[in-house]
Amino acid sequence: MIRVETKGCESFVDSAKYEAYVAKALDAFDVLKEETGAGNDFLGWKKLPRQITDRELSEYEAIRDKWARKGVDLVIAIGIGGSYLGAKCVMEALSHNFAKQLKRKDAAEVVFAGNNLSEEYLAELMDLAAERNVACIVISKSGTTTEPAVAFRIVKQYLESHYGKQEAADRIVAITDAKKGALKTLATQENYASFVVPDNVGGRFSVLTPVGLLPICVAGFDIRALVAGAVDAHKGLEIKSEKNPAIQYAAMRNCLHTELGKSTEILVNYNPKLTYVAEWWKQLYGESEGKDGKGIYPASVNNTADLHSMGQFIQEGSRIMFETVLHVENAQRSVVIESDPQNLDQLNFLSGKHVEHCNHMAELGTRIAHIDGGVPQMSITLDKVDAFNLGGLLYFFEFACGISAYILGVNPFNQPGVEAYKKNMFALLEKPGYEEATKAIKERL
Ligand code: PA5
């Protein structure tokens, strides 16, 4: 089970103030549990861990096995935002750091598209496709998002011209709304295998739906362990208590923000495999809380690398931030530092020590230095980076996000601000129906 520790905030926040935010978090917990808050028609994610059936998981495994029988070695997963980051973060966390270079082929390689509009990216993706045996998962809850639609048009045309229309259809799975949207219409018309994104689950809360689980499964990772970890976390997080880690995390981050004016939270990791967990977390908290002129700006660093770039700013720059450290207790591989007869690097004092011990000391030393430099510290501890612990961590962050946003006083489950750029882009691209907007924006150029 995830553990939250707030000791590194004690010298910044007095306990009475923190307790007041714990009380607010307990109230917000009730709002989330009783489903009486803003956006309460988007709370389907809460029960997902318990509702996922063996049959559903078997369906994803059947797609994986069918494509394996065809010799598929490249799956292009098309999606953006919540339709991409959950799968990406789990795959990065569970992959061997050098999987690509080692060319281990126990499952198809999953690459992502539709998360940018770079022409070079798509052209180079097609270079890769030309050398591989390809299938595609196209994901869009709304079914109308431009970036994935552009990428899918190109990938679909490639698959149809390369394998023929019928075989292409057997290599495409669509994940979208049950009833509406252009992707739903296309999937029905072309007879693609399809899965539904539940109506009451928003994109950034959808990692435990087919949106996350199918790509993770075809990439060869253990979705059953991931779900089991979320189920386990769900049991603990459901308990209304001051010791509930979601209450502690939500309470402290709001306390630091409101009482001390800390406007930025930096999620810190000391394991490169967690880089994309931070990217997923940034979307979850950024899109859920950043509205109505409110919110804590979610940032991240990957240490110890970033201690040599961002470390200076965090230690001595403007005091706008607090840090939340993802502490991983156990490394799953072992590398011991050996003694060297010459000792020119003067590291013999470390002989016999595990590298992870040095990593932990770097983490501890940094935390103390940053506290001394005026940066409050929280930590979230997980036992190790495996599918079970990751499932628990993702569910923990989702649950805590709901509580935190309710303390902040915003609807965590909408994202009205995302539409502004789309309107301008369509106006500039002269999309039919945007004539007025096109005229207005061109006058501003
Ligand atoms: O969290 C969200 O709702 C968004 O990030 C969406 O996932 C993102 O905009 C993609 O939307 P869609 O899946 O409808 O294409």
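All ligand and atom numbering here is 1-based and tracks the order in the structure.
- Listed by chain and number, Ile80, Gly81, Gly82, Ser83, Ser140, Lys141, Ser142, Thr145, Gly203, Arg204, Gln283, Glu287, Gln415 each place a non-hydrogen atom less than 4.0 angstrom from ligand 1.
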I'd like a table of donor-acceptor pairs (distance under 3.5 Å, sequence neighbours excluded) in which one partner is a side-chain atom from residues 434-445, with atom names and distances.
| unit_1 | atom_1 | unit_2 | atom_2 | d |
| --- | --- | --- | --- | --- |
| Glu435 | OE1 | Gly433 | N | 3.1 |
| Glu435 | OE2 | Gly433 | N | 3.1 |
| Thr438 | OG1 | Ala427 | O | 2.8 |
| Thr438 | OG1 | Tyr434 | O | 2.9 |
| Lys442 | NZ | Glu430 | OE2 | 2.4 |

As a quick check of understanding, evaluate salt bridge (Lys or Arg N to Asp or Glu O under 4.0 Å) for Glu59 and Arg64, giving each step before the final call. CA-CA 9 Å; Glu59 285 181 47; Arg64 176 196 65 197; over 6 Å; no
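- With sequence neighbours excluded, the residues satisfying side chain to side chain contact (heavy atoms under 4.5 Å, CB included) with Ala151 are Ile78, Ala113, Leu122.
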In a table with atom names and distances, give each donor-acceptor pair under 3.5 Å that connects a side chain of residues 214-223 to protein atoms at least two apart or in another chain.
| unit_1 | atom_1 | unit_2 | atom_2 | d |
| --- | --- | --- | --- | --- |
| Asp222 | OD1 | Arg224 | N | 3.1 |
| Asp222 | OD1 | Ala225 | N | 3.1 |

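- Taking 4.0 Å as the cut-off between side-chain N and carboxylate O, Glu190 and Lys165 count as a salt-bridged pair.
- In this structure, Arg132 pairs ionically with Asp73, as a charged nitrogen and a carboxylate oxygen lie closer than 4.0 Å.
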